[in-house]
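Take a look at the structure set out below.
All figures in this text were calculated on a predicted structure; none of them were measured in a lab.
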Amino acid sequence: MAHHHIHIGFDAKRAAQNKTGLGNYSRFIINGLAQYAPSLRLDLFTPDAHKAKYLGGVDKHASVNMLYPKSGIWRHFKGFWRTWGISALAKKKRVQLFHGLTGELPYGLRRKGIKSVVTIHDLIFMRFPRFYPFIDRLIYRWKMSSACKRADRVIAVSECTKRDIMRYFGTPEEKITVLYQGCDQQFRQVVTESHKAAIRNRYHLPDHFILYVGSIEQRKNLLLLAQALDRMEDKNISVIALGHRTSYAKRVKKFVAAAGLRRRFRMISGVAFSDLPVFYQMADVFVYPSRYEGFGIPMLEALCSGVPAIGCTGSCLEEAGGPSSLYVSPDDPEALANAIGRVLTDADLRARMIAEGHEYAQRFEDQKLATQLQHLYSTIL
């Protein structure tokens, strides 16, 4: 090839159509590479131009090229195109390496002489099957185990996920590289006081609160925080929980009502992503009581926002929150109440958690992560 660009292809369906975790990760990776690895040429394979609502500007970079199914038949069977149609188009576009950003890879890449790498975020559906419908588990398992077998390299977003991939899929350790994910730049930017005041008014927030960010679902274990609040000495502190509600929210609500905590425990859904940094920066402490995560980005968002963070043991939250955050068992409300109490009352501990957390968060800078990924691509090629 005459030109020096290395051609990388991406399955960008989630980057284009999904505004939560997998979409955020996909956009983070593409943005980072476009900014800090300009010699790469990035081809984004997306099934549907009309649904590409959430690209958030990644398609504006000079090195990024959007590709959609061309012929009539693929346009009608977009799901099939993602699985079986992409490799032919990738070959035509001279893609050298294909990166499946969300646990799956199209078929036929190797036959077309295209190398591949796949990112696996978590195998929670294997660890906690009770949280997933049977048919979903079958599909996830088939897609991911097949992608791990066919890929030249597998990226795990944490050491914890790497152990799961080895355990459940039998993937050899030397085939897996741990590359952390980062969080959006806006969490590192200091919010103005007037912006804080506006959000405080709009959502009627109390002066002091404990923040939770994440879906309100059983695995994320928000009930533990309600139980801890009930046990705390300080009756002036409230909990603000931001996230999409599932039926599990009813259980939390029931406990909150029975414990007489209605005025001090609020769940708010539908908060705009751009308002999140403001909530973090106003919070006294951030608590993430989740039983199991692939990485646990909210812990990192808290560190970047200068808020002390408390997580639960048992998965990878220690990797996202670092050694200076606090961790308790996901089944011990007493321990969580004590940890929150310490952060709220011990000024030295608080200052140390903020300073060291900020320091720890530097290792998740966009540029560092983009450079590591570019290095991995070069190794594979």
Side-chain angles (χ1 to χ4, degrees), residues 128 130-131 196-272 275-276 278-293 296 298-299 301-302 305 307-314 317 321 325-347 349-350 353:
F128 291 96
R130 65 179 185 276
F131 299 147
K196 283 183 184 175
I199 294 288
R200 202 182 285 284
N201 287 338
R202 188 186 322 157
Y203 294 99
H204 311 293
L205 299 175
D207 290 340
H208 292 284
F209 61 90
I210 301 160
L211 180 66
Y212 164 88
V213 176
S215 308
I216 298 169
E217 58 178 285
Q218 199 182 342
R219 170 172 60 86
K220 292 189 188 273
N221 198 27
L222 182 60
L223 187 59
L224 184 77
L225 181 51
Q227 293 164 335
L229 185 70
D230 187 34
R231 286 171 164 75
M232 286 182 63
E233 310 273 295
D234 181 350
K235 301 300 176 207
N236 295 317
I237 190 88
S238 305
V239 166
I240 301 290
L242 306 181
H244 168 71
R245 284 177 229 196
T246 67
S247 57
Y248 171 75
K250 292 193 194 76
R251 270 177 59 189
V252 180
K253 229 175 162 163
K254 211 164 132 184
F255 175 85
V256 165
L261 294 169
R262 246 199 212 119
R263 293 185 42 217
R264 294 172 49 210
F265 194 104
R266 277 179 56 206
M267 295 184 264
I268 307 174
S269 298
V271 169
D275 288 344
L276 280 183
V278 194
F279 278 91
Y280 276 107
Q281 290 180 36
M282 287 194 291
D284 290 46
V285 55
F286 174 78
V287 175
Y288 202 39
S290 182
R291 291 184 180 280
Y292 211 82
E293 293 296 323
M299 290 292 283
E301 290 171 348
S305 304
V307 183
I310 302 173
C312 279
T313 53
L317 296 185
S325 298
L326 303 180
Y327 304 93
V328 300
S329 150
D331 295 299
D332 192 344
E334 195 61 46
L336 180 54
N338 289 338
I340 296 170
R342 281 176 59 203
V343 176
L344 295 179
T345 54
D346 183 340
L349 170 71
R350 185 188 176 75
M353 284 174 76

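Each of Leu223, Asn221, Leu222, Leu229 was checked for a side chain to side chain contact (heavy atoms under 4.5 Å, CB included) with Leu225, and the lone residue meeting it is Leu222.
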Using side chain to side chain contact (heavy atoms under 4.5 Å, CB included), reason through Leu242 and Phe279 one step at a time and then give a plain yes or no. CA-CA 9 Å; Leu242 306 181; Phe279 278 91; 3.6 Å; yes
Any chance you could lay out the side chain to side chain contact (heavy atoms under 4.5 Å, CB included) test for His244 and Ser269, step after step, and finish with the verdict? CA-CA 5 Å; His244 168 71; Ser269 298; 5.6 Å; no
Check step by step if side chain to side chain contact (heavy atoms under 4.5 Å, CB included) holds for Arg264 and Asn236. CA-CA 8 Å; Arg264 294 172 49 210; Asn236 295 317; over 6 Å; no
Would Gln218 and Arg251 count as a side chain to side chain contact (heavy atoms under 4.5 Å, CB included) if you check the C-alpha gap in whole Å, the side-chain angles of each, and the deciding distance to 0.1 Å? CA-CA 9 Å; Gln218 199 182 342; Arg251 270 177 59 189; 4.2 Å; yes
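Considering only heavy atoms from C-beta on, Arg202 comes within 4.5 Å of Asp275 through its side chain. Residues Ile216 and Thr246 are not in side-chain contact: their nearest non-hydrogen atoms beyond the backbone lie 4.5 Å or more apart. Between Val307 and Leu211 there is no side-chain heavy-atom pair separated by less than 4.5 Å. By the 4.5 Å heavy-atom criterion applied to side chains, Lys253 and Met267 are counted as neighbours. The side-chain heavy atoms of Tyr203 and Ile268, taken from C-beta on, include a pair separated by under 4.5 Å. Put simply, the side chain of Lys220 reaches to within 4.5 Å of the side chain of Ser215, judged on heavy atoms. With contacts defined as side-chain heavy-atom distances shorter than 4.5 Å, the pair Phe286/Ile310 does not qualify. In this structure, the side chains of Met353 and Val343 come closer than 4.5 Å at one or more pairs of heavy atoms.
When the side chain to side chain donor-acceptor pair (under 3.5 Å) test is applied to Tyr292, the partners found at least two apart in sequence or on another chain are Arg127, Asp164. Tyr327 pairs by the side chain to side chain contact (heavy atoms under 4.5 Å, CB included) definition with Met299, Thr313, Leu317, Glu318, Ser325, not counting sequence neighbours. With sequence neighbours left out, the side chain to side chain contact (heavy atoms under 4.5 Å, CB included) criterion links Pro333 to Leu224, Gln227, Arg231.
The pair Arg350-Asp284 does not count as a salt bridge, with every side-chain nitrogen at least 4.0 angstrom from each carboxylate oxygen. We find that Glu293 and Arg219 are joined by a salt bridge, their nearest charged nitrogen and carboxylate oxygen being less than 4.0 Å apart.
The distance from the OG1 atom of Thr345 to the CZ atom of Arg342 is 8.5 Å, given to the nearest 0.5 Å. Interatomic distance, Leu205 CG to Ile240 CD1, rounded to the nearest 0.5 Å: 5.0 Å. Note that the CD atom of Glu233 and the CG atom of Asn338 stand 9.0 Å from one another [nearest 0.5 Å]. Separating the CG atom in Leu336 from the CE atom in Met232 is a distance of 8.5 Å, to the nearest 0.5 Å.
Across all their heavy atoms, Ala339 and Val328 have their closest contact at CB-CG1, 4.1 Å. Among all heavy-atom pairs drawn from Arg200 and Asp207, the shortest one is NH1-CA, 3.6 Å. Taking all atoms of both residues into account, the shortest heavy-atom contact from Ala228 to Ala337 is O-CB, 3.6 Å. For the residue pair Cys312 and Pro330, the shortest heavy atom distance occurs at SG-CA, 3.6 Å. Closest of all the heavy-atom pairs between Ser305 and Tyr280 is OG-CB, 3.4 Å.
When ring centroids are compared, Phe265 and Phe255 stay outside the 6.0 Å threshold.
Using a 30° and 60° split on the angle between ring planes, Tyr212 and Tyr288 fall in the tilted class, from 30° to 60°.
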